[in-house]
Amino acid sequence: MNVARVIPCLDVTDGRVVKGINFVGLRDAGDPVELAARYDTEGADELVFLDITASSDNRRTTIDMVERVAAEVFIPFTVGGGIRTLEDARSMLRAGADKVSVNTSAVQRPELVSEIAAEFGVQCCVCAVDAKLRVNGSGWEVFLNGGRTPTGIDALEWVAEAVTRGAGEILLTSMDRDGTREGFDIDLTRAVCDAVNVPVIASGGVGSLGHLVEGVTLGGASGVLAASIFHFGEHTVAQAKAAMSAAGVRVRPA
Amino acid sequence: MTAPLVAVLDYGIGNLSSAHKALVRMGADARLTRDAGLVADADGVVLPGVGAFGACMDALRGAALESVVHDAVASGRPFLGICVGMQMLFDASDEDPMHRGLGVLRGRVEAIPDTVRKPQMQWNELHVHATDSLFIGLPATPWVYFVHSFAARPTDPRVVVATCDYGADLTAVVRHENVVATQFHPEKSAADGLSMLGNFVQSCGGAR
């Protein structure tokens, strides 16, 4: 049976969590270990750390962070952002990440997906895809660099290729919905879920607990990822799971 | 009481540090090692594994650990296989049919049905069919984290002590004498998983 995952996403730079973390009772709102432990306690099924460090000089601090999280928090976590080479993936996995997520560099050089899957297995190779509805409405286009750079590549074709190459999971973000709080792009989520037979995590646009439910019931996603609704203390992961459970979505009890 | 020495077999694949760290957290003097002498001295042995069956078997043999595994199993000391480390204990896997498994347990590793998304990459509840020291102090239906596309089908169904439901009843925990193995990742399964590792560490303490 499918058991939907609830996945808080944390942006990190220089080994610190940034952007609007607003938990009550934290000693240090930027400490990734403390935040990860908090989400673990609330019942988060996994965590995603998105490294937005601009300079590759500071990768060492990200690796240190991954090591500290892995030593303290015993739920799965993914590290994405700035994974450009097999060696980048290796260093994150060695440090204790369970999965690495590749995005821009995989579109630029799809062999990276094959290499990571061949070396470490499909289970740790997540392909993150940022997609946007074409202006004429004829499907979705892959965007790079956080939604700034169009590629002309069809999103459904790209996810199919990524899975063929060994991606074990798709982390799908709608650039039309990201930051809008209007809910997931359900059509996009459903189309991607129909295009591949690996788990799909829906992302982008969550503004309410009902949106999380829809990602699974309407979109067909295996998991739902959200940032702001958890970070700002609007909702806890436990509340998200209660809402999903009440709507008939099977989840691990918080 | 000194902490039990638990050898975590290190044959150069993926993320082994999580299992090591979780065992340390649960009171073991855990060592990542491929040193046959250290493994022989250990109170318990853990065989982790991630990735493909064939690649793991090649790496295990490349690290000269195949006979070390057989010796550890034969010694009667507690032995824990995790994920592909569980699958390798069987005779063979449909994932890489040309590779021979360790043959510690009889049976094959087979693909999860195509009716569900693969890998099973999610938490799932265990259906526990037999009492086992691994489950001491745990809830009746523990929740644990799975990541796999293949699952073992033991020849002797009596070794199956727990299953999970994902497209079919999949083998989740097997036990044969001193050998116990989990398809899921206890080191990534929060409190329930840590409790199981704690129970394993406890059993290693009693073995000395």
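The sequence lines fix the lettering, A, B, ..., with proteins before strands; numbering per chain opens at 1.
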**Asked** When heavy-atom pairs shorter than 4.5 Å are enumerated against chain A, which of B:Lys118, B:Met121, B:Gln120 gives the highest number?
**Response** B:Met121

**Complete:** Greatest number of non-hydrogen atom pairs under 4.5 angstrom with chain B, of A:Ala89, A:Ala70, A:Ala71, A:Ala117, falls to A:Ala71

**Asked** Roughly how far apart are A:Leu93 CG and B:Ser18 OG, rounded to 0.5 Å?
**Response** 9.5 Å

**Message:** For a 4.5 angstrom cut-off between non-hydrogen side-chain atoms, does B:Tyr166 reach A:Val3?
**Reply:** no

**Prompt:** Can you name the closest pair of heavy atoms from A:Gly96 and B:Ser17 and give their distance?
**Reply:** CA-OG, 3.7 Å

**Asked** According to the side chain to side chain donor-acceptor pair (under 3.5 Å) rule, which pairs have a member within residues 136-146 of chain B, sequence neighbours left out?
**Response** A:Glu46-B:Tyr145

**Message:** Does B:Arg153, at its CZ atom, have more than 12 non-hydrogen atoms belonging to other residues, nucleotides or ligands within less than 6.0 Å?
**Reply:** no

**Asked** Where along residues 154-168 of chain A does a heavy atom come under 4.5 Å of chain B, listed by residue number?
**Response** A:Gly168

**Message:** With chain B as the partner, which of A:Gly121, A:Ser222, A:Pro199 has the greatest number of non-hydrogen pairs under 4.5 Å?
**Reply:** A:Pro199

Under 3.5 Å donor-acceptor pairs involving side-chain atoms of residues 89-96 of chain B, not counting sequence neighbours:
{"unit_1": "B:Asp91", "atom_1": "OD1", "unit_2": "B:Arg106", "atom_2": "NE", "d": "3.3"}
{"unit_1": "B:Asp91", "atom_1": "OD1", "unit_2": "B:Arg106", "atom_2": "NH2", "d": "2.8"}
{"unit_1": "B:Asp91", "atom_1": "OD2", "unit_2": "B:Arg106", "atom_2": "NE", "d": "3.3"}
{"unit_1": "B:Asp91", "atom_1": "OD2", "unit_2": "B:Gly107", "atom_2": "N", "d": "2.8"}
{"unit_1": "B:Ser93", "atom_1": "OG", "unit_2": "B:Glu95", "atom_2": "N", "d": "3.0"}
{"unit_1": "B:Asp94", "atom_1": "OD1", "unit_2": "B:Arg108", "atom_2": "NE", "d": "3.0"}
{"unit_1": "B:Asp94", "atom_1": "OD1", "unit_2": "B:Arg108", "atom_2": "NH2", "d": "2.5"}
{"unit_1": "B:Glu95", "atom_1": "OE1", "unit_2": "B:Phe53", "atom_2": "N", "d": "3.1"}
{"unit_1": "B:Asp96", "atom_1": "OD2", "unit_2": "B:Gly54", "atom_2": "N", "d": "2.8"}

**Asked** Do the non-hydrogen side-chain atoms of A:Phe74 and B:Leu197 ever get within less than 4.5 Å of each other?
**Response** no

**Item:** Partner chain B: residue of A:Cys193, A:Ala118, A:Ala4, A:Gly223 with the largest heavy-atom pair count (under 4.5 Å)
**Value:** A:Cys193

**Asked** Would you call A:Val198 and B:Arg117 a side-chain contact if the rule is heavy atoms closer than 4.5 Å?
**Response** no

**Prompt:** Side chain, backbone, both or neither: which part of B:Ala55 has a heavy atom under 4.5 Å from chain A?
**Reply:** neither

**Proximal to chain B - members of residues 241-254 of chain A, heavy-atom separation under 4.5 Å** = A:Arg250, A:Val251, A:Arg252, A:Pro253

**Asked** chain B heavy atoms under 4.5 Å from A:Cys124: which part of the residue, side chain, backbone, both or neither?
**Response** neither

**Message:** Looking at A:Met1, is its backbone amide N or carbonyl O close enough to the side chain of B:Gln122 to form a donor-acceptor pair, meaning the two atoms are under 3.5 Å apart?
**Reply:** yes

**Fill in**
Of all heavy-atom pairs linking B:Trp123 and A:Asp45, the shortest is NE1-O, 2.8 Å

**Request:** Kindly determine whether B:Arg25 and A:Glu72 satisfy side-chain contact (heavy atoms from CB on, under 4.5 Å), including the steps that lead there.
**Result:** CA-CA 9 Å; B:Arg25 166 63 64 94; A:Glu72 297 291 333; 3.0 Å; yes

**Prompt:** Between atom CZ of A:Phe77 and atom NZ of B:Lys188, what is the distance when rounded to the nearest 0.5 Å?
**Reply:** 5.0 Å

**Message:** What part of A:Asn197 gets within 4.5 angstrom of chain B, counting heavy atoms only: side chain, backbone, both, or neither?
**Reply:** both

